Amino acid sequence: ESPAGIDAQDGPRFIRKSSTGGNNNNDEDPQHNSGAAAAAAAAAAAAVLAKSKSEEQEGPRSSGIPPHDGDFMLLTKKLIEVRNVLNSIDHNDTLKLPSIVVIGSQSSGKSSVLEAIVGHEFLPKGSNMVTRRPIELTLIHTPHSKEEYGEFPALGLGKVHDFKRIQQTLKDLNMAVPESECVSSKPIELRIYSPNIPDLTLIDLPGYIQITSKNQPLSLKEKISELCDKYIKEPNIILAVCAADVDLANSEALRSSRKVDPLGLRTIGVITKMDLVEPDRGVAILRNQDYPLHLGYIGVVCKAPSGGSKDNMTQAVIKTEDAYFRSAYQFSQRGVAVGTGTLRRKLMDVLEENMGSNLGSIIKAVQKELDETRYQFKVEYNDQKMSAESYVAESVDKLKHRFKDFSRAFGKPQVRLEIRHMLEQRMLDICAQRYWSDPRISELSQLDSAAEEDRLYWDLQLDLASSALTKSGVGRQTTQRVVDILSKTMEQLAEAEPFNHHPDAAITIKSMTHEILSSRSQATTDQVENTIKPYKYEVECTDSEWSEGVKRSITLLQTELEMCEEALTKIKSTVGSKKLRKAINYVLESDREEERRAKRREAFAKLRESNLRQRSEESSSDKENDNNGSGSESSEQDLESREDEVERSQEEDELEAAMRPHFNPKLLVKAREALSLRDRALILKYRLTALKSKACKNSKNKTQCPEAFLAMISEKLAYTSVMFIQVELMNEFVFQLPRMIDSRLGVKIGQEAME
């Protein structure tokens, strides 16, 4: 027998057909069997009818969950728990369990259906598309507890008993998606525990839309469709929600479900707002003659009770539904399924059946994952019994081996490459600042025939450039570069397996690294500065060092030239060659015009100053002379006419500038960038030609070849710096860190810390 208040909660039209039991005797008389079955059915119907009448008098029905195959429901719950554990560890999606995906248009009543199943208002509501992320909802039936609460595993909020708080949290998470995107595929995971809900996994998706608002992206409709298509694939069950007052021919939910489930074998139709249509029309929709589904349609009227009670509202919704559906005889006909209770049982039936049909593939997936995990355990721990001591020892050994591999890979040659690259980039910056931007750069190639003053100018430039390189804090920069590499590497090791599961141990590794490097970095910096001090005053080089410097400088300039040409090509392809050429011409013309206006303004300022001075002199002259007076008047008129002429010229220039065609400011920025790249490329080509000439074959002509001279200095600085960095920093770090790991992370830390 069913427990009291279970199957009767939705009236006689909801009686389920019982499965054939395992003790059937095939030799029994069929007529006797049929007679017994008929008698049993009649007795059950009478009992249920009597019970329904008594319940109408007594009040609300029980909130129990209908009975199902206990083994299957226990298996479902356990598999959901296993999947959640795997997801929490490494986001493993190997175990793909069927879920019920809820799709429908906006305002079709999706949220009301889910809230009626759960028994609480918890989904975000609003007018500006508040569901922007998938909500993966796991319902967990707790028959031995009256407690109802929700959990957000990813947020770590613990048990949330206030469903209004759950609603606000969901709204905040959804509204965090920016307006420019409106939809995100990153799901929100929510688990709800209650004695009044069945074990189900539901996924609520953003509702389909027909048109976008002015604040929404034009691709929003396609984004929502793509997101829904991703979730309604097999093995998931589709819950297509449609409003009764909307023609099913216009249902986006049915249209999408037919694409992936043309026979409707895993699609359940839910018709909401049944009270908005005539009963005859509602029954016609539910009989699914026009758009048949194998799993059928279920009609609901999910109206939440007024007053906003914190109690479970499922029974109140079911009671309101029963009152409406019993008021019309059409809904009591055979083949018409209505009511939230019917929907809850249907979902459990379908999920149970789907789980059973997919059990073989699920078992294979679980077995494969189990075998892989066992193999990994064998590889990592050699099938030995794990204890705190063995785990810590294994983890520490793994860390020390990884560090040893890194110390071998990052030796003296690699440190020299890093430092040389850093100094060469500094050298290129100095060349760009002191040489390539100098308008007199063309004089370098003719220094042999240049005046003594010009030679002194370029000699001074070379001294300033070499000082900028050698006196730029090379000791601190090179040491810090190596310290940064070591720190970053140790952070990566601390965040890798298995220390990513032990944040305290990871912090200890980082603190040990910081402690050693901090204690050695200052001494290393001082030593490097002391060793490179001679290069700050004089740098000597052999022929081989000079030749190597020339080669390095040519390579660096060629790389710089390729980068300039690549950036210029990218701008041309982005803007368009023709449009870019017009914008460049406009910029050049504007610059020339601005230069002319600046000269006129300067001339006008000088003219005003001259006029004021002249007027001052005339006012102090002898006014008694009539001839002088008339001359002064004539001079005053000449001054005013010249000022008027200059002002008219300025007005004409401004008018001409206003009449010229205007370009997009962003396009003009690109044009100036292209001009700068073009000029830089021309200078680099010119300097490459100079470095390849005969003049740069000899170190005596270092003034004419500053790039080669600075490249040679960079190599000397790198070589000298590395010697002391290796001794003072690297060797000490490689020596001290493994010993600190043993003392602070190994078995020496004590039993409690190891546990």
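These numbers were taken from a predicted model, which means no experiment stands behind them.
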Listed by chain and number, what are the side-chain contact (heavy atoms from CB on, under 4.5 Å) partners of S361, not counting sequence neighbours?
N358
Rounded to the nearest 0.5 Å, the CD1 atom of I224 sits from the CD atom of E252 at a distance of 10.0 Å
Validation row: P195, E148 side chains within 4.5 angstrom (heavy atoms)
yes
Check the pair S256 / Y208 against side-chain hydrogen bond (donor to acceptor under 3.5 Å, both in side chains), numbers first and verdict last.
CA-CA 10 Å; S256 298; Y208 293 105; 3.0 Å; yes
So that I can tick it off, tell me whether K488 and E491 are bridged by a salt bridge, with the cut-off set at under 4.0 angstrom between side-chain N and carboxylate O.
no
Student check: side-chain heavy atoms of K223 and C182 closer than 4.5 Å:
no
Does any non-hydrogen side-chain atom of V270 lie less than 4.5 Å from one of V102?
no
K510 bridged to E495 by N-O distance under 4.0 Å:
yes
Could you check whether any side-chain heavy atom of L114 comes within less than 4.5 Å of a side-chain heavy atom of I135, counting everything from C-beta outward?
no
If you look only at distance, which donor and acceptor atoms sit under 3.5 Å apart when one is on a side chain in residues 558-574 and the other is two or more places apart or in another chain?
unit_1	atom_1	unit_2	atom_2	d
T559	OG1	T555	O	2.9
T569	OG1	E565	O	2.8
S573	OG	T569	O	3.3
S573	OG	K570	O	2.8
T574	OG1	K570	O	2.7

Could you pull out all residues at least two apart from R258 that satisfy side-chain hydrogen bond (donor to acceptor under 3.5 Å, both in side chains)?
none
Kindly determine whether E673 and K670 satisfy side-chain contact (heavy atoms from CB on, under 4.5 Å), including the steps that lead there.
CA-CA 5 Å; E673 186 179 347; K670 289 290 183 183; 4.1 Å; yes
Which atom pairs, one a donor and one an acceptor, fall under 3.5 Å between side chains of residues 236-247 and the rest of the protein, sequence neighbours left out?
unit_1	atom_1	unit_2	atom_2	d
N236	OD1	S99	N	3.0
N236	ND2	Y231	O	2.7
D247	OD1	A249	N	3.1

With sequence neighbours left out, write down each residue that passes ring pair (Phe, Tyr, Trp, His ring centres under 6.0 Å) with H161, or none if nothing qualifies.
Y149
For K579, side-chain contact (heavy atoms from CB on, under 4.5 Å) partners two or more places apart:
V575, L667
Taking atom types as modelled, find out whether D172 and Q168 have a side-chain donor-acceptor pair closer than 3.5 angstrom.
yes
The single option from I100, L190, L202 passing side chain to side chain contact (heavy atoms under 4.5 Å, CB included) against L139
L202
Between the CZ atom in R133 and the CD atom in E136, the distance rounded to the nearest 0.5 Å is 10.0 Å
Decide yes or no for L123 and E115: does some side-chain heavy atom of the first lie under 4.5 Å from some side-chain heavy atom of the second?
yes
For the residue pair Q367 / D371, report whether a side-chain donor-acceptor contact shorter than 3.5 Å exists.
yes
